[in-house]
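Counting begins at 1 with the first residue of the sequence. All of these numbers come straight from a predicted model, not from anything done at the bench.
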Amino acid sequence: MDLVFTEIQAPEAVGEWKDQMRRRAHSARETLRRHPWAVRLLESRKAPGPATLRHHEATLATLRTEGFTVQQAARAYSLLDSYIYGFALREAALPIAGNTPMAEVAGSIMERFATGEYPHTVEIATQVVMQPGYDYGNEFVYGPELIPTRWNRHRPANRCGFDSAAPAITPWHRSVERPN
């Protein structure tokens, strides 16, 4: 597992912290695409190796240098890695063999149920998944863009958006204005 961590680009002390976290997220995803077996094992070691610990240290140092409290840094790191690892697990589990287009897979799935039975699933399949050039992997970009943006939006006087005394920030679905 330590060798896998050597392939993930760790954040550096220079540059915008959000860019560093995005770069790290994309590097981790690419590494996990090369080693799909690794995602279930990345954080499973009771005795992590030096490359793993250096990677963790660089990530936490980037967040702490930006002004995140210890608790905030732990939460931010956990949130981003949960997104990265979860996406990697889902991507690895997709029922696509070789170069089979996603539209072909979605079409064969849709043939198995009655018309009108799953209208929202059909809507996503026909208007998104079955469109020419669709690649599920391209969906990854939204997490590393959205997560640091949300941290930034919740950065009052404590700079980092997470009140260290509070159990969590306001859930996104409560902070979004809904149309009437």
Participant: Could you list the residues that satisfy side chain to side chain contact (heavy atoms under 4.5 Å, CB included) with L89, not counting sequence neighbours?
Facilitator: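 Result, side chain to side chain contact (heavy atoms under 4.5 Å, CB included) vs L89: V39, R40.
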Participant: What's the shortest heavy-atom distance between A106 and V129, and which atoms?
Facilitator: CB-CG1, 3.9 Å
Participant: Kindly give the heavy-atom pair with the smallest separation between A76 and L63, and that separation in Å.
Facilitator: CB-CD1, 4.1 Å
Participant: Could you tell me whether a side-chain N or O of S27 sits under 3.5 Å from a main-chain N or O of R24, the two making a donor and an acceptor?
Facilitator: no
Participant: May I ask whether Y85 and L94 are part of the same hydrophobic cluster, defined by side-chain heavy atoms of I, L, V, M, F, W, Y residues being less than 4.5 angstrom apart, directly or through others?
Facilitator: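 Yes, because Y85 and L94 connect within a single hydrophobic cluster, where side-chain heavy atoms sit under 4.5 Å apart.
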Participant: Scan residues 130-149 for pairs that pass salt bridge (Lys or Arg N to Asp or Glu O under 4.0 Å), counting only residues two or more places apart or in two chains.
Facilitator: R22-E145
Participant: Compare every heavy atom of S108 with every heavy atom of R112, then report the nearest pair and how far apart it is.
Facilitator: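 The answer is CG-O, 3.6 Å.
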Participant: For the pair T52 (side chain) and P48 (backbone), establish whether a donor and an acceptor sit closer than 3.5 Å, ignoring hydrogens and angles.
Facilitator: no
Participant: Which value, rounded to the nearest 0.5 Å, describes the distance between I8 atom CD1 and L32 atom CG?
Facilitator: 5.5 Å
Participant: State yes or no: do L80 and V70 share one hydrophobic cluster built from I, L, V, M, F, W and Y residues joined by side-chain heavy-atom distances below 4.5 Å, directly or via other members?
Facilitator: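 No, it is not one cluster - the side chains of L80 and V70 are not joined through contacts under 4.5 Å.
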Participant: With rounding to the nearest 0.5 angstrom, report the NZ to OG1 distance, K18 to T62.
Facilitator: 14.5 Å
Participant: Examine L53 and M1 and state if one hydrophobic cluster contains both, with Ile, Leu, Val, Met, Phe, Trp and Tyr joined whenever side-chain heavy atoms are less than 4.5 Å apart.
Facilitator: no
Participant: Examine distances only and state if a side-chain atom of E66 and a backbone atom of W17 form a donor-acceptor pair shorter than 3.5 Å.
Facilitator: no
Participant: Sequence neighbours excluded, which residues qualify as side chain to side chain donor-acceptor pair (under 3.5 Å) partners of R34?
Facilitator: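 Here the qualifying residues are E7, T31.
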Participant: Please give the remaining members of the hydrophobic cluster of Y142, linking ILVMFWY side chains under 4.5 Å, ordered by chain and number.
Facilitator: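 For the cluster that includes Y142, the remaining residues are V141.
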Participant: Going by heavy atoms in the side chains, are E91 and R29 under 4.5 Å from each other?
Facilitator: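 Yes, at least one pair of side-chain atoms sits under 4.5 Å.
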Participant: Mind checking side chain to side chain contact (heavy atoms under 4.5 Å, CB included) for T126 and listing every partner two or more places apart, or none if nothing turns up?
Facilitator: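 Residues passing side chain to side chain contact (heavy atoms under 4.5 Å, CB included) with T126: M110, V122, M130.
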Participant: Using the salt bridge (Lys or Arg N to Asp or Glu O under 4.0 Å) rule, collect all pairs that involve residues 48-60, keeping only residues at least two apart or in two chains.
Facilitator: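 Applying salt bridge (Lys or Arg N to Asp or Glu O under 4.0 Å) to every pair that reaches into residues 48-60, excluding sequence neighbours, yields nothing.
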Participant: So does L3 get a backbone contact from the side chain of T6, meaning a donor-acceptor N/O pair under 3.5 Å?
Facilitator: yes
Participant: Under the ring pair (Phe, Tyr, Trp, His ring centres under 6.0 Å) test, which residues partner Y83, sequence neighbours left out?
Facilitator: F140
Participant: Once you round to the nearest 0.5 Å, how far does CG of L42 lie from CZ of F5?
Facilitator: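 L42 atom CG to F5 atom CZ measures 4.5 Å (nearest 0.5 Å).
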Participant: Which value, rounded to the nearest 0.5 Å, describes the distance between I84 atom CD1 and H26 atom NE2?
Facilitator: 9.0 Å
Participant: By side chain to side chain contact (heavy atoms under 4.5 Å, CB included), which residues pair with E123, not counting sequence neighbours?
Facilitator: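 In terms of side chain to side chain contact (heavy atoms under 4.5 Å, CB included), with neighbours along the sequence ignored, E123 is linked to H120, Q127.
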Participant: Which residues pass the ring pair (Phe, Tyr, Trp, His ring centres under 6.0 Å) test with Y134, sequence neighbours left out?
Facilitator: none
Participant: Return the set of residues passing side chain to side chain donor-acceptor pair (under 3.5 Å) with Y77 (not counting sequence neighbours), or none when no residue passes.
Facilitator: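 With neighbours one apart ignored, the set is H56.
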Participant: For the CD atom of Q72 and the CZ atom of R64, what is their distance to the nearest 0.5 Å?
Facilitator: 8.5 Å
Participant: Output all residues satisfying side chain to side chain contact (heavy atoms under 4.5 Å, CB included) with A10, sequence neighbours left out; order by chain, then residue number.
Facilitator: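 For A10, the residues satisfying side chain to side chain contact (heavy atoms under 4.5 Å, CB included) (neighbours in sequence not counted) are H55, A58.
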Participant: How long is the span from the OG1 atom in T59 to the CE atom in M21, to the nearest 0.5 Å?
Facilitator: 5.0 Å
